Amino acid sequence: MGDDQIHQAIAILTEAVKAWVSPAVTIVATQGRDPFKVLVSCILSLRTRDLTTAEASARLFALADTPEKMVGLDVPQIEAAIYPVGFYRVKAEQILEISRSLCDLYRGTVPDDLETLLKFKGVGRKTANLVLTLGFGKPGICVDIHVHRICNRWGYVHTRTPEQTEFALREKLPVEYWIIINDLLVTFGQNLCTPLSPHCSTCPLYQFCDRVGVVKSR
DNA sequence: AAAACGGGGGC
DNA sequence: GCCCCAGTTTT
């Protein structure tokens with residue numbers, strides 16, 4: 001897929017994903033576009049199937065949906081609320097520590113620049129960029145494993161890590177697509193172009209795709 | 001029973 | 001760069 005084809009591919013993709021639901025973090029984000037909720041649900045989704053994080057997020061936010069309320073909880077309470085996402089102790093402690101920092105240093109608000117977000121323990125490039133795009137509507141490119149896999153299958157980038165994919169997309173991808181690319185490709189990657197079964201025979205983007213490294217259906 | 005799933009920290 | 005981190009879901 002080349003520079004000239006990306007516009008057409010995204011137009012096709014935009015239509016195709018209407019048949020499916022968006023990832024949990026997007027759903028959480030669009031409910032008020034609350035940066036704190038985006039940040040917390042993104043931490044919950046870490047190395048966890050996306051669909052299971054929606055319920056866990058909802059249960060936790062019923063207890064506390066602001067940094068001020070979150071610091072009133074203890075680790076066991078958070079651990080119980082976020083079942084069954086896994087990594088309970090790490091995630092609960094990170095959410096608490098970040099909430100304390102937000103209260104102590106930022107008056108209970110979430111910073112809206114990449115460098116500041118990346119300083120929080122538990123916040124990497126995927127999470128920080130997602131807070132920017134979904135929480136604040138600011139330009140950012142959130143590259144998770146779906147974005148990384150699909151951009152390489154297309155042959156649009158040739159990279160080894162998600163971080164390299166982010167920087168490659170910053171060079172190549174028109175800025176008008178930066179905010180929407182994550183939702184489009186995660187939805188596409190969860191429902192059709194999955195890790196083990198790319199479903200090439202029914203893919204609407206077949207003509208644009210180099211099918212690099214696809215795994216045969218079993 | 002076994003493989004797959006998905007980011008970030010520490011070194 | 002490499003290794004570690006845990007538990008649910010799919011095959």
Side-chain angles (χ1 to χ4, degrees), chain A residues 20-29 35-60 75-76 78-102 110-111 114-135 140-153 157-170 181-199 213-218:
Chain A
W20 302 302
V21 296
S22 290
V25 283
T26 302
I27 294 169
V28 169
F36 181 67
K37 286 187 175 181
V38 176
L39 180 53
V40 171
S41 53
C42 201
I43 289 173
L44 292 183
S45 74
L46 201 75
R47 291 198 66 158
T48 302
R49 265 187 189 70
D50 195 71
L51 296 178
T52 65
T53 58
E55 293 175 16
S57 298
R59 243 178 288 116
L60 180 58
V75 169
I78 298 178
E79 287 177 335
I82 64 179
Y83 182 88
V85 298
F87 293 90
Y88 303 104
R89 188 177 50 79
V90 171
K91 290 177 180 177
E93 288 178 348
Q94 286 178 347
I95 289 170
L96 255 187
E97 186 178 333
I98 290 173
S99 297
R100 289 197 199 99
S101 297
L102 295 180
V110 177
L114 191 64
E115 297 311 313
T116 307
L117 287 166
L118 288 172
K119 289 176 182 168
F120 293 111
K121 187 184 295 184
V123 177
R125 301 200 66 86
K126 180 230 175 185
T127 301
N129 276 296
L130 200 67
V131 169
L132 287 185
T133 58
L134 293 187
I141 300 183
C142 173
V143 176
D144 64 3
I145 200 64
H146 293 287
V147 177
H148 176 61
R149 176 182 72 255
I150 292 167
C151 285
N152 275 282
R153 278 184 177 171
V157 301
H158 306 86
T159 53
R160 216 186 72 262
T161 66
E163 182 180 34
Q164 292 169 4
T165 299
E166 183 195 324
F167 293 133
L169 291 179
R170 285 182 185 278
I181 194 69
N182 179 265
D183 184 38
L184 289 178
L185 292 193
V186 174
T187 306
F188 180 60
Q190 286 177 340
N191 291 283
L192 193 76
C193 193
T194 60
L196 284 179
S197 306
H199 297 101
V214 295
V215 180
K216 290 192 175 80
S217 302
R218 302 202 285 194

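Small disclaimer: the values here were computed from a predicted structure and weren't measured. Sequence lines set the chain letters: A, B, ... in the order given, protein chains first and strands last, and positions in each chain run from 1. Hydrogens, waters and symmetry mates are skipped; everything else that's a heavy atom, side chains included, is used.
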Minimum-distance nucleotide (side-chain atoms of A/K126 versus B/dG7, B/dC5, C/dG7):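 Given the options B/dG7, B/dC5, C/dG7, the side chain of A/K126 is closest to B/dG7.
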
Side chain of A/P84 - closest among B/dG7, B/dA4, C/dT8: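 Output: C/dT8.
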
Under 4.0 Å between any heavy atoms, over every strand shown, what does [X] touch: base, sugar-phosphate, or nothing? Just pick one.
X      : answer
A/V123 : sugar-phosphate
A/S45  : nothing
A/R125 : sugar-phosphate

Gap between atoms [atom1] and [atom2], on [X] and [N] respectively (whole Å):
X      : N     : atom1 : atom2 : result
A/Q94  : C/dA6 : CD    : P     : 13 Å
A/E97  : B/dG9 : CD    : P     : 11 Å
A/R149 : B/dG6 : CZ    : P     : 7 Å
A/K91  : B/dG7 : NZ    : P     : 10 Å
A/F87  : C/dT9 : CZ    : C1'   : 15 Å
A/Q190 : B/dC5 : CD    : P     : 12 Å
A/L39  : B/dG8 : CG    : P     : 11 Å
A/H146 : B/dG7 : NE2   : C1'   : 12 Å

Exercise: do A/S101 and A/K119 side chains pair donor with acceptor under 3.5 Å: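 Note: A/S101 and A/K119 side chains miss the donor-acceptor criterion.
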
A/T159 and A/T165: side chain donor to acceptor below 3.5 Å: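 Note: A/T159 and A/T165 side chains meet the donor-acceptor criterion.
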
A/K121 vs B/dG10: side-chain N/O to OP1/OP2 distance below 4.0 Å: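 Yes, such a contact exists.
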
Under 4.0 angstrom between A/Y83 side-chain N/O and C/dG7 OP1 or OP2: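 It does not, given that no N or O in the side chain of A/Y83 lies less than 4.0 Å from OP1 or OP2 of C/dG7.
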
Of residues 157-164 of chain A, the positions that come close to DNA chain C - non-hydrogen atoms, cut-off under 4.0 Å: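 Those residues whose heavy atoms fall under 4.0 Å from DNA chain C, taken from residues 157-164 of chain A, amount to none.
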
A/R59 atom CZ, over 12 foreign heavy atoms within 6.0 Å: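 Yes, the 6.0 Å shell around CZ holds more than 12 heavy atoms from other groups.
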
Geometric class of the A/W20/A/F188 ring pair [parallel <30°, tilted 30-60°, perpendicular >60°]: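 Rings of A/F188 and A/W20: tilted, as their planes differ by 30° to 60°.
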
Consecutive Watson-Crick or G-U pairs in runs of at least 3, all under 3.5 Å, in which DNA chain B is involved: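 So far as stems of 3 or more pairs are concerned, DNA chain B shows B:1-5 with C:7-11, B:7-11 with C:1-5.
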
Beyond-backbone contact of A/T133 with A/D183, side-chain heavy atoms, under 4.5 angstrom: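 They are not in contact (no side-chain heavy atoms under 4.5 Å apart), so the answer is no.
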
Distance between P atoms of B/dG6 and C/dC4 (Å, rounded):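 Pairwise P distance, B/dG6 against C/dC4, rounds to 22 Å.
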
Quick check against the 3.5 Å criterion: does [X] have a side-chain atom that pairs as donor or acceptor with the backbone of [Y]?
X      : Y      : value
A/N129 : A/L132 : no
A/K37  : A/S57  : no
A/R125 : A/P162 : no

A/K126/A/C42 under side chain to side chain contact (heavy atoms under 4.5 Å, CB included): CA gap, chis, key distance, verdict: CA-CA 9 Å; A/K126 180 230 175 185; A/C42 201; 3.9 Å; yes

Residue that, paired with A/F120, satisfies side-chain contact (heavy atoms from CB on, under 4.5 Å) out of A/L39, A/I43, A/L102, A/T127: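 Exactly one pass, corresponding to A/L102.
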
